[in-house]
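This report concerns only the one structure given below.
The chains referred to below are lettered A, B, ... by the order of the sequence lines, with proteins before strands, and numbering in each begins at 1.
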Amino acid sequence: MSTDRYNANDAEARWQKIWDEAKIFNTSTEIEQSKNPYYVLEMFPYPSGRIHVGHVRNYTMGDVVARYKRAKGCDVLHPMGWDAFGMPAENAAMKNNTHPKSWTYENIASMRKQLKSMGLSLDWSREFATCDVEYYHKQQQMFVDFLDAGLIYRKNAKVNWDPVDMTVLANEQVIDGKGWRSGAEVEQRDLTQWFMKITDYSEDLLSALDELDGWPEKVRLMQKNWIGRSEGMRVKFEMSEQVGDFTNLEVFTTRHDTIFGASFLAIAADHPLSLELAEQNAELANFNAECRKIGTSAAAIETAEKHGFNTGLTVKHPITGTPLPIYVANFVLMDYGTGAVFGCPAHDQRDLDFARKYELTVTPVVLPTGENPDAFYVQNEAYVGEGTLFNSDFLDGMSIDDAKEAMAKKLEALKFEGTPQAERQVNYKLRDWGISRQRYWGCPIPVIHCDDCGPLPVPKENLPVILPEDINFDKPGNPLDRHPTWREVDCPKCGKAAKRETDTMDTFVDSSWYFARFTKPEADTPTEPSIANHWLPVDQYIGGIEHAILHLLYSRFFTRAMQKTGHLDLKEPFKGLFTQGMVVHETYKNDSGWLSPDEVSISEKDGKRIAVHIDTGAEVKIGGIEKMSKSKRNTIDPDDIIAAYGADTARWFVLSDSPPDRDVIWTEAGVEGAHRFTQKVWRTMGEIAALGAQHQPIDNGQLSDWALELRKHIHQTVEKIDEMLNTLKFNSAVAQIHSTANQVDAAIKKAKSSKANDHDLNALLESGRIVVQMFAPMMPHLGEECWQELKCEGLVSTTPWPEIDKALTVVDSVTMPIQINGKKKAMLELPINADEAIIKEKVLALEVVQTALGGNEPKKLIIVPKRIVNVVV
RNA sequence: GCCCUCUUGGCGAAAUUGGUAUACGCAACAGACUUAAAAUCUGUGGGUCGAAAGACCGUGCCGGUUCAAGUCCGGCAGAGGGCACCA
C-alpha cells in the first residue's frame with residue numbers, strides 16, 4: 001500500500017511502454033476477426049511541429065470513445081496519420097533553407113512523440129503521412145480512375161488567384177474575398193485547371209444530408225446553404241434584332257410570377273453577347289474591363305454601386321411583347337444561372353436600385369395583404385413578402401405559388417423557334433472543385449501534355465509520379481516549373497517528347513480519403529474494398545467546426561466518386577460526426593505588447609483579479625478570453641502541462657469543464673483542480689487496498705445498510721456513465737465520477753468507524769474497482785496504476801466494462817416533491833409503484849396540504865407517477 | 001441584408017427533454033490538523049426580509065400556453081457563427 005503522492009510522470013511512461021509492447025491497441029487486419037467493428041477517428045493533424053491544446057482536446061475525446069467502445073466489446077479501429085502536404089513546408093523551406101520533405105518528417109517525428117506521451121490508444125501500425133510516396137501513389141491511381149469515369153475534367157476558367165501564395169484557390173478556400181491561408185486579396189485569373197465534378201452530386205449531397213442524423217444540425221445546415229439549391233425557370237426572351245448568332249437571351253429566374261413587372265434585362269460583363277458587342281464598341285469593352293476589376297471581397301461588394309451599360313438593344317416580353325432594354329450590369333454573375341436576369345424592380349432590391357438609377361419603370365405586381373391596389377406603390381424599398389398578384393393579366397388574384405405554377409405552364413406551352421419558351425430548372429450555388437495548385441509540396445497530378453495527343457493520364461504501370469527532391473526555392477512560384485529535367489518525358493501514346501503537368505493537387509484531396517486508406521494502409525490499390533466496406537463508415541468522427549464545409553463536403557463527394565470507381569461501396573463516409581469547441585485562454589498585455597501566461601502572476605484582491613509581471617511586478621492588463629494563438633501569446637504548451645502534472649491531468653481537465661462542443665477556457669486553477677482529483681483518487685484506492693478485501697461475489701443480503709446503499713449507487717452510476725459516454729457528455733461523466741468518488745470516500749469512513757463485515761469490505765473493493773473502470777477511458781494511466789493497486793487481474797485497458805447487478809439498479813422507492821399550486825411545499829417518500837389512490841390519500845393527509853385546503857376538496861390533483869404531485873386549491 | 005446558435009450564482013456549468021432550478025467543479029469564506037506553511041479533511045454558499053421557523057422574488061427582457069416553463073409559442077435586446085450582388 002502506498003499513501004505517497006501519485007507520480008504521474010513515472011507511471012505514465014511505464015504504462016505506455018507496457019501497452020506498446022503488448023500491442024493491445026493494434027486492430028486485427030483479419031476481417032473475420034472483427035465481428036463488432038467500431039471505427040473512431042479524429043481529424044488527422046497537419047505536422048506543424050508541435051501539438052497544441054486543441055489537439056489534446058480532440059484526441060482525448062476520440063481516445064475516450066475508443067477505450068470505452070473497446071471495453072464494451074467492440075473491435076475498435078483507432079488510427080492516426082498526418083495531413084502532411086501543404087504550404088507551410090514550402091514557406092519554411094524558403095525561410096530557413098530546409099527541404100520541405102525533411103522539415104515535414106522531422107515535425108512528424110516530434111509530434112508523434114508528443115502524441116505518444118498522451119497515452120492515446122492508437123493503432124500506430126497503421127500510421128502514414130499523405131506525403132508518403134505509397135499514399136500519393138494510390139491517390140494518383142484514383143486520379144486516373146476518376147478521369148476515366150468522367151469525374152475529372154480540364155477547363156479554362158476564371159480562377160481565384162492568391163498573389164501571395166502564388167496559387168489557385170477553390171471557392172471554398174476564399175473567405176471574404178481573401179485567401180484562407182495567406183489572407184491576401186484574391187484576384188481573378190484565366191487558367192486551365194483540373195476540376196472534380198462535385199456538381200454531378202449536388203442533389204445527392206444535399207438530399208442525403210437529411211439522413212445524416214449522427215451529424216450536428218448546424219453542419220448539415222451549413223452544407224445545405226453552401227450547396228444552395230433553388231428551383232426556377234430558364235426563360236427565353238426574343239431579341240428585337242439578331243446580333244451574331246443571338247436571336248434570344250435566356251435568363252434564369254425563381255420569380256417567374258413577377259414577370260409582368262419586368263422592366264429590363266441585365267447580362268453579365270462576361271456574357272458572350274456582351275463580349276460580342278464589345279468587339280464593335282470600345283465604350284462597352286471599357287465597361288466590361290471595369291467590371292472585371294471589381295474584386296469579390298465583401299467590402300468591394302458592399303460599396304460597389306450598381307452600374308449598367310445600355311446596349312441600345314431590346315427584347316420582347318414573352319407574354320405582352322413590350323420591348324425591354326438590355327443592359328450589361330456589374331451585379332450579374334456569369335457563373336450562376338445563365339449569366340442573364342430579368343429585372344423586376346418592385347420586388348427585388350437590387351433591381352430597384354438599378355431601376356432608380358437608370359430611370360426605368362417600377363411596376364408592382366405583388367400586393368401585400370390588406371393593401372389598396374390603387375394606393376400601393378414601391379418607393380425605395382422593394383416588396384419581397386407574400387401577397388396577391390395584380391397588374392398581371394391572367395395571374396391577377398393568385399397567390400405567389402399559384403402564379404408561379406400558372407406562369408410556368410403558360411411559358412412551357414409557348415414555343416420559340418420550335419422549342420418551349422421556358423423550362424423548369426433547378427440551380428445550385430455549388431461549383432466544381434478546382435484542384436490544381438501551382439505548388440511543389442503536394443501530390444503531382446499524373447498527366448503528360450503532348451503537343452499532338454493533348455493531355456493524357458500517366459499509365460498506371462508508370463505510377464507513381466514521384467516528386468523530385470533536387471529543387472530550390474530561390475524564386476517565388478512553383479519549383480517544378482524550373483526543374484531542369486523532371487518535366488521532360490515521352491508521350492505515353494505517340495512516344496514523342498512531351499511535358500509533365502507541374503501542378504500538384506489541392507491538399508484537400510489528400511484528406512478526402514485517408515479514412516478509407518486506414519482500413520488497409522498497406523494495400524497495393526487505394527483501398528481493399530471488402531475491408532474498407534467492413535469498417536466504413538466511420539462510426540464516430542471528431543474534429544473542428546472549421547471543416548464543416550470544406551473537408552467534410554469534399555470527403556462526402558470523394559466517397560461517392562470512389563463508389564463509382566469501385567474503390568468503396570458506400571456513399572457517406574462519416575456516420576457520426578462531432579465538432580468539438582476550441583480551447584481558449586485569457587490574454588495579458590502591457591505597454592510593450594502581449595504577454596504569455598507564464599510571464600504573468602495572478603492574485604485576487606477585494607474580489608478582483610490582478611495580474612502582475614512575474615519579474616518586474618508591474619501590473620499587467622487582463623484582456624479578453626480568446627482562441628489560443630501565437631500572435632496573442634496566450635498559448636499553453638501541452639508538453640509543459642504533461643511534464644508538470646501528467647497526461648491524465650491534462651486529459652481530465654479538457655474533458656471536465658465545458659460540454660465538448662462548446663469552447664473550454666484553459667485556466668491554471670482548473671488544471672490544478674483536475675490534478676488534485678488524480679491525487680485524491682490515488683489515495684482513495686490506496687485506502688481501499690489497505691482494507692484487505694477480496695475480489696469475491698457479494699451477497700447483498702449480508703451487507704450493512706451503508707454498504708448496500710454504496711453498491712446500489714455504484715451500479716446505478718455505471719448505467720449513467722454508460723449513457724454519458726455513449727452521447728459524448730464527457731463533462732457530465734466527470735461530474736458524476738467526482739460525486740461517486742465522494743460517496744466511496746464516505747463509505748470508507750463508515751467502514752472504519754463501524755463494524756464492517758467481509759461482505760461490506762468486498763463491496764467497497766468492488767466499488768473501487770468499478771470507479772477505476774469508469775474513469776479509465778479518461779485517465780488511462782491512473783486507471784492502470786489503481787487497477788494494480790487493487791490487485792485486479794490484467795490491464796484495465798483490456799478489461800470489459802463492469803457488469804451491473806440488475807437487482808441493484810431497480811429503484812423501489814422514490815421521493816416525490818409535493819406542490820401546492822405549482823410550488824414545492826413538501827417531500828414524500830413513496831413506493832415506486834404506489835397506485836394513485838394511495839398517493840392521493842398520503843398527500844391529502846399532509847399537514848401543509850390540509851392547511852392549504854382548509855377543509856375543501858382540491859380543485860385538481862395532478863399525479864405524475866415517479867415524478868411529482870401537484871395539488872391545486 | 002439572409003440563415004443559424006447561444007444567454008442559468010463570483011466563474012465553468014447541470015437539470016431525467018414540460019415535473020424538486022443551480023448537481024459536479026473552480027474561486028471564496030469559516031473550522032480541524034500543524035510551531036507555521038503547504039498538502040489534506042469538515043462545513044457554508046442565488047437574492048430580499050427575518051433572531052428563527054419561514055415568506056416572497058429568481059434561469060437576458062416583455063407577453064402567452066399549461067395544474068406546472070430554464071425547457072413550448074410570440075415579440076424584443078445582447079453575444080457568437082455561417083453565407084453573401086446566387087436572380
Taking Watson-Crick and G-U wobble pairs with both distances under 3.5 Å, convert RNA chain B into its dot-bracket string, 5' to 3', dots for unpaired and | for cross-strand pairs. (((((((..(((......[....))).(((((.......))))).((((....))))..(((((..]....))))))))))))....
OP1 or OP2 of [N] versus the side-chain N and O atoms of [X]: is any pair under 4.0 Å?
X         : N       : answer
Arg5(A)   : rU40(B) : no
Lys825(A) : rA55(B) : yes
Lys860(A) : rC67(B) : yes
Asn225(A) : rC86(B) : no

Provide the distance between the two [atom1] atoms, one in [N] and one in [M], to the nearest whole Å.
N       : M       : atom1 : result
rA21(B) : rA53(B) : C1'   : 23 Å
rU20(B) : rU71(B) : P     : 13 Å
rC6(B)  : rU16(B) : P     : 15 Å
rC72(B) : rC4(B)  : P     : 15 Å

Need one value for [X]: base, sugar-phosphate or nothing, where a base atom within 4.0 Å counts as base even if backbone is also close, heavy atoms only.
X         : answer
Val332(A) : base
Lys218(A) : nothing
Leu333(A) : base
Met827(A) : base
Thr667(A) : nothing

Give a yes or no on this: more than 12 heavy atoms of other residues, nucleotides or ligands lie within 6.0 Å of atom NZ of Lys750(A). no
Shortest side-chain distance from Ser230(A), nucleotide among rA87(B), rA21(B), rC83(B): rA87(B)
The nucleotide from rU40(B), rA84(B), rC85(B) with an atom nearest the side chain of Trp226(A) is rA84(B)
Heavy-atom side-chain contact between [X] and [Y] under 4.5 Å:
X         : Y         : answer
Asn870(A) : Val864(A) : no
Asn634(A) : Glu586(A) : no
Pro660(A) : Leu655(A) : no
Pro364(A) : His347(A) : yes

Check nucleotides 12-19 of chain B for protein N or O atoms closer than 3.5 Å to its own N or O atoms and list the pairs.
unit_1: rG12(B); atom_1: O2'; unit_2: Asp657(A); atom_2: O; d: 2.9
unit_1: rG12(B); atom_1: O2'; unit_2: Ser658(A); atom_2: OG; d: 3.1
unit_1: rA14(B); atom_1: OP1; unit_2: Asn731(A); atom_2: ND2; d: 3.1

Protein-nucleotides 57-59 of chain B N/O pairs under 3.5 Å:
unit_1: rC57(B); atom_1: OP2; unit_2: Lys823(A); atom_2: NZ; d: 2.9

Name the residue closer to the 5' end of RNA chain B, choosing between Met334(A) and Gly822(A) according to the nucleotide with the nearest heavy atom.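 Residue closer to the 5' terminus by nearest nucleotide: Gly822(A).
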Map Thr254(A) and Met222(A) onto RNA chain B by nearest heavy atom, then report which one ends up closer to the 5' terminus. Met222(A)
Give me the ring orientation class for [X] and [Y]: parallel if the planes are under 30° apart, tilted from 30 to 60°, perpendicular past 60°.
X         : Y         : answer
Tyr327(A) : Tyr358(A) : tilted
His738(A) : Phe677(A) : tilted
Phe309(A) : Phe287(A) : tilted
Phe237(A) : Phe342(A) : tilted

How should the glycosidic conformation of rG46(B) be described, syn or anti, under the criterion that syn lies within 90° of 0?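 Anti, which is what one calls it when the glycosidic angle falls more than 90° from 0.
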Chi class for rU17(B): syn within 90° of 0, otherwise anti: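 In terms of base orientation relative to the sugar, rU17(B) is syn.
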With ring centroids as reference points, do Phe653(A) and His675(A) lie under 6.0 angstrom apart? no
Among Asp648(A), Val64(A), Thr60(A), exactly one meets side-chain contact (heavy atoms from CB on, under 4.5 Å) together with Met779(A). Which residue is that?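 In the set Asp648(A), Val64(A), Thr60(A), the residue that makes a side-chain contact (heavy atoms from CB on, under 4.5 Å) with Met779(A) is Asp648(A).
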Under the salt bridge (charged side-chain N to carboxylate O under 4.0 Å, His left out) criterion, do Arg229(A) and Glu203(A) qualify, and how do the steps go? CA-CA 8 Å; Arg229(A) 181 183 202 273; Glu203(A) 186 57 46; 2.9 Å; yes
Pair up each side-chain donor or acceptor in residues 264-273 of chain A with any protein partner under 3.5 Å, not counting sequence neighbours, and list the distances.
unit_1: Asp270(A); atom_1: OD1; unit_2: Arg292(A); atom_2: NE; d: 2.8
unit_1: Asp270(A); atom_1: OD1; unit_2: Arg292(A); atom_2: NH2; d: 3.2
unit_1: His271(A); atom_1: ND1; unit_2: Leu273(A); atom_2: N; d: 3.1

How would you list all residue pairs meeting side-chain hydrogen bond (donor to acceptor under 3.5 Å, both in side chains) that involve residues 661-670 of chain A, not counting sequence neighbours? Tyr645(A)-Glu668(A)
Residues from residues 342-354 of chain A lying under 4.0 Å of RNA chain B - heavy atoms: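 Close to the strand are Arg350(A).
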Under 3.5 Å side-chain donor-acceptor pair for Thr199(A) and Asp432(A): yes
Is the base of rC83(B) touched by the side chain of Lys429(A) through a donor-acceptor pair closer than 3.5 angstrom? no
